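First up is the structure itself, then whatever we jot down about it.
Please read these numbers as outputs of a predicted model, since none were measured by experiment. Chain naming here is simple, since letters A, B, ... match the order of the sequence lines and numbering starts at 1 in each.
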Protein chains: 2
Amino acid sequence: MPKTSQAAGLHRASLAKLHELDAALELMYYGWRGMTLEADEYLAKQGLSRPHHRILYVVARRPDIAIGSLIEILGISKQALNRPLNLLLDRKLLTSKRAPEQHRSKLLRLTGAGQRIEQKASDHERKVLREAFDRAGASGAAAWMAVMGAIADNN
Amino acid sequence: MPKTSQAAGLHRASLAKLHELDAALELMYYGWRGMTLEADEYLAKQGLSRPHHRILYVVARRPDIAIGSLIEILGISKQALNRPLNLLLDRKLLTSKRAPEQHRSKLLRLTGAGQRIEQKASDHERKVLREAFDRAGASGAAAWMAVMGAIADNN
DNA sequence: TCCGTCAAGTCAACATAGTTGACATGAGGG
DNA sequence: CCCTCATGTCAACTATGTTGACTTGACGGA
C-alpha cells in the first residue's frame with residue numbers, strides 16, 4: 001500500500017489562477033482527497049485499501065452478485081479483481097457460493113465482519129459529506145447534488 | 001499507462017442505497033471520473049498521463065518553481081517525481097535552468113508546447129465543470145463551491 | 001452422448017505510480 | 001576546508017492495473 005504520510009500532510013496549495021474555473025478544478029481534486037482521506041487511513045489499518053473497499057461497497061448493495069457483474073460494475077479486468085477478491089475471501093469478509101439451480105456463477109455476500117468494515121469505511125466518507133451538507137443547508141446540498149450529477153453524466 | 005477502454009464504458013451502476021448519503025458518495029466517485037475522463041484520454045494520446053498533467057498544471061501556475069517546492073505541492077517523493085519530470089524535460093514540454101544568483105535550485109518553466117498541452121488537458125476538465133455550472137446557474141455553482149470547500153478542508 | 005459455450009480461475013509478462021534507503025555531485029557559506 | 005542544502009540517481013520493493021493464453025467445470029442443445 002502507498003504510504004499516507006504525504007497525503008495526510010497535503011495542504012491545498014495556493015496557485016495562481018490562470019482561468020476562472022481553476023478554483024473549481026482544484027476543489028474537485030482536494031474534495032476527492034478530503035472525502036477519501038480518513039477512509040483510506042482506516043482501511044490501511046485493516047490491511048486493506050481502496051479496491052477492497054470498492055468490492056465491499058458494491059457487494060453490500062448487491063448481495064448475491066456474480067463475479068462477472070462485479071467486474072462490470074467496477075470496470076476492471078477479471079485478473080485485476082482476482083487478488084483483492086481472494087484476499088477478502090481468505091479473510092472471511094466475503095463468502096462465495098454457487099447458486100442452487102445455476103452452478104455456473106458464484107454468488108458473493110458479505111460476512112458480518114465484512115459488513116462492519118464496509119460500514120466503517122463508508123461512514124468515514126459519509127461523515128465528511130454530512131458535515132459539509134450541514135454547513136451548506138438543504139438547498140446547498142441539493143445544488144451540490146445537481147451539479148455533481150451533471151459532471152458525473154459526462155461520458 | 002492503464003487502458004481507458006474499461007473506464008470509458010464505465011456507467012453509473014444502479015446500486016441499492018443503504019444510507020441516505022450513498023447517492024452523494026457515489027456522485028463524488030462518478031463526478032471525479034466524469035471530470036477527468038476526457039482529459040485522461042487526451043493525455044494518453046500524447047503519451048502522457050495524470051502525473052505529467054499535475055506537474056504541468058502546477059508549473060504553469062508557478063513559473064520558475066524549484067523542484068523541491070514542486071515535490072511539496074504534489075505531495076510525492078523526489079524519486080517518484082523523477083521519471084515523469086525527466087520525460088517532460090526530454091520532450092521539451094518543460095525547461096529547467098539555474099537561477100542567476102542562486103545556483104543551488106533548478107527553476108522550472110513550461111515551453112510553448114508544454115503550455116499548449118497543459119491548457120488543452122485542463123480545458124477538457126474545465127469544459128465539464130462549465131457545462132455543469134451552466135445548467136445549475138450561478139447560485140448552484142456557488143453552492144457547489146461552498147460544499148466542495150467544506151469537503152476539501154477535511155484534513 | 002458429445003460438443004460448444006459460458007463463468008470462473010490461474011499463470012506469465014508487463015506498465016505505471018508510488019514508496020525507502022543509500023549514495024553522488026555540485027554550489028554556497030562560515 | 002568543511003558542512004549543508006538542492007538535486008540527481010541507483011536499487012529494491014509494493015500495489016494496482018493491463019493482455020494474452022490456458023484450464024476447469026457446468027450447462028444446454030443437436
Distance in angstrom units between [X] [atom1] and [N] [atom2], rounded:
X       : N      : atom1 : atom2 : value
A:Ile65 : C:dA7  : CD1   : P     : 14 Å
B:Arg33 : D:dG17 : CZ    : P     : 9 Å
A:Leu70 : C:dG9  : CG    : P     : 11 Å
A:Leu89 : C:dT10 : CG    : P     : 11 Å
B:Leu48 : C:dA15 : CG    : P     : 17 Å
B:Asn82 : C:dT16 : CG    : P     : 16 Å
B:Asp90 : D:dG8  : CG    : P     : 12 Å
A:Ile71 : C:dG9  : CD1   : C1'   : 10 Å

Ion pair check, B:Lys17 and B:Glu26, cut-off under 4.0 Å:
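B:Glu26 and B:Lys17: salt-bridged.
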
Residues B:Arg126, B:Asp123: salt bridge by 4.0 Å N-O rule:
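Salt bridge flag = yes for B:Asp123 with B:Arg126.
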
So, B:Asn86 side chain and B:Arg83 main chain: donor-acceptor pair closer than 3.5 Å or not?
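No.
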
Is a side-chain N or O of B:Arg61 found less than 3.5 angstrom from the main chain of B:Tyr57, in a donor-acceptor match?
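Indeed, once roles are kept as given, a pair shorter than 3.5 Å links the two residues.
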
For the side chain of [X], starting at C-beta, report the closest nucleotide among [options].
X       : options                : value
A:Ala80 : C:dT19, D:dT7, D:dT18  : D:dT18
B:Ile76 : C:dG18, C:dA17, D:dG17 : C:dG18
A:Arg83 : D:dT9, C:dA17, D:dT16  : D:dT16
A:Ser77 : C:dG9, C:dA17, D:dT19  : D:dT19

Assign each of A:Leu81 and B:Asn86 to its nearest nucleotide of DNA chain D by heavy atoms, then name whichever residue's nucleotide is nearer the 5' end.
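Result: B:Asn86.
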
Does a side-chain N or O from [X] land closer than 4.0 Å to OP1 or OP2 of [N], or not?
X       : N      : answer
A:Ser49 : D:dA15 : no
A:Arg54 : D:dG17 : yes
B:Lys78 : C:dT19 : no

Quick check on DNA chain C: between B:Pro84 and B:Gln79, whose nearest nucleotide comes earlier from the 5' end?
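Counting from the 5' end, the first nearest nucleotide belongs to B:Pro84.
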
Mark yes when over 12 heavy atoms from residues, nucleotides or ligands other than B:Gln46 sit less than 6.0 Å from its CD; otherwise mark no.
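Correct, the count exceeds 12.
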
